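The structure appears below as structure tokens.
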Amino acid sequence: MNWGKSIVLCFIIFAGFIGTMVYKMATTNVDLVNKDYYKNEINYQSQINKRKNSSNLNINNAMTYSSENQTLRIGFPTNVNDGSVTFFRPSDKRLDFTVPVQKQPIFNYSTEKLEKGKWKVQATWTDGIREYYLEDEFVVR
């Protein structure tokens with residue numbers, strides 16, 4: 001094979017590689033964390049206030065995950081009038097769900113039915129006076 005054919009062959013292989021990459025990028029599903037991203041950014045000051053209220057409680061290890069028992073435990077440091085615990089799966093938004101929490105100081109949730117991988121947990125609650133927010137991550141194996 002002479003140099004001319006080798007150069008043409010290299011260009012064809014390179015063009016095929018670029019075409020494959022363009023196809024993969026065009027068909028890959030990209031999920032945003034939230035559909036109302038811009039609307040939530042405007043209301044972010046309330047989120048900052050919730051985090052500040054939680055930090056004033058000086059709580060450590062409020063959320064604990066036991067991989068042996070496959071349970072997530074959240075010990076709320078205040079009375080809970082109303083709240084929710086949201087489970088986010090960063091790789092697939094179809095697996096996200098929310099569990100309501102009312103008047104229980106300890107929240108236990110079995111993670112046996114959750115898909116394996118990384119999960120992000122966000123707990124929000126109110127004691128009737130202030131709103132609070134906790135966030136943590138765990139990996140189901």
Side-chain angles (χ1 to χ4, degrees), residues 1 3-141:
M1 190 180 332
W3 284 100
K5 290 180 182 177
S6 298
I7 291 174
V8 170
L9 183 62
C10 286
F11 279 128
I12 291 172
I13 291 172
F14 180 71
F17 171 74
I18 295 297
T20 302
M21 294 306 291
V22 168
Y23 173 76
K24 285 191 175 243
M25 285 187 232
T27 59
T28 301
N29 185 16
V30 178
D31 292 331
L32 294 175
V33 173
N34 196 331
K35 286 184 178 180
D36 299 328
Y37 178 77
Y38 295 108
K39 178 183 166 188
N40 290 342
E41 283 297 315
I42 293 171
N43 299 325
Y44 195 68
Q45 184 60 43
S46 67
Q47 186 71 13
I48 292 171
N49 294 341
K50 290 177 190 178
R51 286 178 187 242
K52 184 178 177 184
N53 291 339
S54 298
S55 68
N56 290 339
L57 296 175
N58 293 326
I59 51 175
N60 293 326
N61 299 326
M63 287 190 198
T64 56
Y65 173 67
S66 171
S67 58
E68 296 85 29
N69 299 335
Q70 292 184 335
T71 57
L72 174 71
R73 180 184 181 278
I74 302 174
F76 294 105
T78 64
N79 293 330
V80 178
N81 283 351
D82 188 28
S84 65
V85 177
T86 304
F87 291 81
F88 288 104
R89 178 63 184 242
S91 63
D92 189 357
K93 72 177 179 179
R94 293 174 292 169
L95 299 175
D96 298 351
F97 64 96
T98 301
V99 178
V101 177
Q102 292 182 347
K103 300 188 189 282
Q104 55 191 44
I106 297 175
F107 173 79
N108 288 312
Y109 188 81
S110 174
T111 59
E112 290 178 1
K113 295 181 181 178
L114 294 181
E115 293 282 329
K116 294 183 181 196
K118 183 177 180 180
W119 286 87
K120 187 175 189 179
V121 180
Q122 297 175 340
T124 57
W125 76 97
T126 179
D127 61 2
I129 300 170
R130 292 186 184 93
E131 293 183 335
Y132 302 94
Y133 175 83
L134 288 175
E135 183 176 313
D136 203 356
E137 296 176 350
F138 67 93
V139 177
V140 176
R141 292 189 166 92

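Quick caveat, the model's predicted, so the values are computed rather than measured. The figures that follow rest on heavy atoms only: side chains count, while hydrogens, waters and symmetry mates do not.
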Trace of the side chain to side chain donor-acceptor pair (under 3.5 Å) decision for N49 with Q45: CA-CA 6 Å; N49 294 341; Q45 184 60 43; 3.2 Å; yes
Side-chain polar contacts of residues 127-134 - donor-acceptor pairs under 3.5 angstrom, sequence neighbours left out - could you list them?
| unit_1 | atom_1 | unit_2 | atom_2 | d |
| --- | --- | --- | --- | --- |
| D127 | OD1 | I129 | N | 2.9 |
| D127 | OD1 | R130 | N | 2.8 |
| D127 | OD2 | Y132 | OH | 3.1 |
| Y133 | OH | Q122 | NE2 | 3.1 |
| Y133 | OH | E135 | OE1 | 2.2 |

Which pairs count as ring-ring contact (aromatic ring centres under 6.0 Å, His included) when at least one residue sits in residues 58-86, sequence neighbours excluded? Y65-F138, F76-W125
To the nearest 0.5 Å, atom CZ of R89 lies from atom NZ of K120 at 14.0 Å
Do Q102 and N81 come close enough that some side-chain heavy atom pair is under 4.5 Å? no
Could you pull out the closest heavy-atom pair between N108 and R73, with the gap in Å? OD1-CG, 3.3 Å
Can you name the nearest heavy-atom pair linking A123 to I74, along with the distance? CB-CD1, 4.3 Å
Which residue pairs satisfy the ring-ring contact (aromatic ring centres under 6.0 Å, His included) criterion with at least one member in residues 93-116, sequence neighbours excluded? F87-F97, F87-Y109, F97-Y109
Taking only residues two or more places apart in sequence, or in another chain, which ones meet T124 in a side-chain hydrogen bond (donor to acceptor under 3.5 Å, both in side chains)? S84
Under the side-chain hydrogen bond (donor to acceptor under 3.5 Å, both in side chains) test, which residues partner T64, sequence neighbours left out? none
Scan the side chains in residues 6-20 for donor-acceptor partners under 3.5 Å anywhere in the protein, sequence neighbours excluded, and list what turns up.
| unit_1 | atom_1 | unit_2 | atom_2 | d |
| --- | --- | --- | --- | --- |
| S6 | OG | N2 | O | 3.2 |
| T20 | OG1 | G16 | O | 2.8 |

Gap between atom CZ of F88 and atom NZ of K118 - 0.5 Å precision: 13.5 Å
Within this structure, what is the CG-CE distance for the pair L72 and M63, rounded to the nearest 0.5 Å? 7.0 Å
Has T111 got a side-chain atom pairing as donor or acceptor with Q70's backbone, closer than 3.5 angstrom? yes
Test item: V121 and V85 side chains (from C-beta on) under 4.5 Å apart, heavy atoms: yes
Which atoms form the tightest heavy-atom contact between V140 and W119, and what is the distance? CG2-CD1, 3.7 Å
